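Read the numbers this way: they start at 1 and go in the same order the structure lists the ligands and their atoms. Everything numeric in this text was worked out from a predicted model, so none of it was measured. Numbering starts at 1 and runs along the sequence shown.
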Amino acid sequence: MMDEDKAGQDERAREILRVNDRGGYTVPTARLYPFQWNWDSALVAMGWAMFDEARGWREIEMLLAGQWEDGFVPHIVFHAPSEDYFPGPEVWGLAERAPPTSGITQPPVLATAVRWMLERARARAEAAARAAAIYPRLVASHRWWVRARDPHASGLVTTLHPWETGMDNSPAWDEALARVPRETTTPIVRRDIAHVAAAMRPRAEEYERFIHLVDLFRGLGWSPEKMLAESPFKVVDIGTNAILLRAERDLLVLARRFGSVAERAEIEARIARQGAAIGRLWSGAGGIYFSADLIANALIPVSTSAGMLPVFASEYGHAAALAARLRAWAEAVRWLVPSIAPDSPSFEPQRYWRGPVWPCMNWMLADGFGAAGETATARLLAEAMGALIRASGFYEYFDPCDGAGLGGTDFSWTAAVALLLPREGEGDPRF
Ligand code: DGY
């Protein structure tokens, strides 16, 4: 990308973050998502930090204002009421919390963002003070993951709702989700399809099952033990597990500065366990990592972009095979990286996580492939993102075939990823 293009794009990206700022937290986009979302915030904090470090730290502190006493970090923090979104705080039965939150979580990118911001900070003393205050919250969050979602210390955490994966309607969840009944006690009032075309969003049947799970968990009082025991949807999501492993590695770096010897040993033990366990999700036949369905007790043979995320976790054993896989996908679609293999019968290039290119994935995969030494692949992913934004705008996601912008407009994590993109000629292919 030419430098003047990059400068103009950066200015527009900063403007989007400012417009989506609601006073210390950033909505992903106006109306469609009017609250603070967990993994969006981690990316957005890094985007802010590119031009306003204090505001970047604030983003993370505001998200952690919603952290529960047991360390759990919810997927939505409802700082201020809005009629634009369903399901709101009353459906979660958590409207009395201050602030109100949802009762499920999302991929834990937070420790990675904190390390990233600390290491690149220009205001070093302030960054150190704020990271030191955040650090115990991250420790509590990672302990929660293991206690609540891997109580037998298998090294792999369980996900109980497709929304927790961030990849709500991924074809990887089709079979597991089909076991969840469609009946709901909460009437479904979809607001999303008033804001964007229904063809770009999950289907009605999926929403019924999503809300069935919310009703069930609310009835269980959001008890982690009961949810784990009774959920009809239980998967080991390769995306969440890879992101958590990366976050543990970043937490260890923070622990060397802010933590105790015992904490470092605890984190190192988790990294050893998780690193060994994630290898069990590699499919030699598939040439990619798979998620697993714990109720069917089987790997889920659906090739998704999440199946490449172990490179983001610094697991490089299969990096060359995964890069080759991406090159094969690039023969079938114009833009990388589609959210599922384009030759899959489930591929729908415009429907949310069933085909489109997502900025968060391009950021994580470019970072991982770059660190793995797969420089050309990393560069391809970074360039695709820049070109898509330049051609179509700051959309939530993009059609991998024709590059059309899809979903929400003026999207915060797309703006953040744009700010993280390298300038032309910059040496490091990683963002
Ligand atoms: C939504 O509402 O679409 C979100 O993905 C749930 O977190």
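In this structure, Arg182 contributes its side chain and Glu205 its backbone to no donor-acceptor pair below 3.5 Å.
Geometric assessment of Arg209 against the ring of Phe233 yields a negative cation-pi assignment under the 6.0 Å and 45° thresholds.
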Name each donor-acceptor pair under 3.5 Å that joins a side chain in residues 303-314 to protein atoms two or more places apart or in another chain, with its distance.
unit_1: Thr304; atom_1: OG1; unit_2: Ala306; atom_2: N; d: 3.3
unit_1: Thr304; atom_1: OG1; unit_2: Gly307; atom_2: N; d: 3.4

* To do: Before giving the answer on ring pair (Phe, Tyr, Trp, His ring centres under 6.0 Å), spell out for Tyr85 and Trp37 the whole-Å C-alpha distance, their side-chain angles and the decisive distance to 0.1 Å.
  => CA-CA 13 Å; Tyr85 183 80; Trp37 260 260; 5.1 Å; yes
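Protein residues lining ligand 1, listed by chain and number: Tyr33, Trp37, His75, Tyr85, Trp163, Asp168, Arg201, Tyr207, Tyr352 [non-hydrogen atoms, distance under 4.0 Å].
A donor and an acceptor atom, one from each side chain of Tyr289 and Glu315, are nowhere located under 3.5 Å apart. Judged by distance alone, the side chains of Ser412 and Asn20 do bring a donor and an acceptor atom under 3.5 Å apart.
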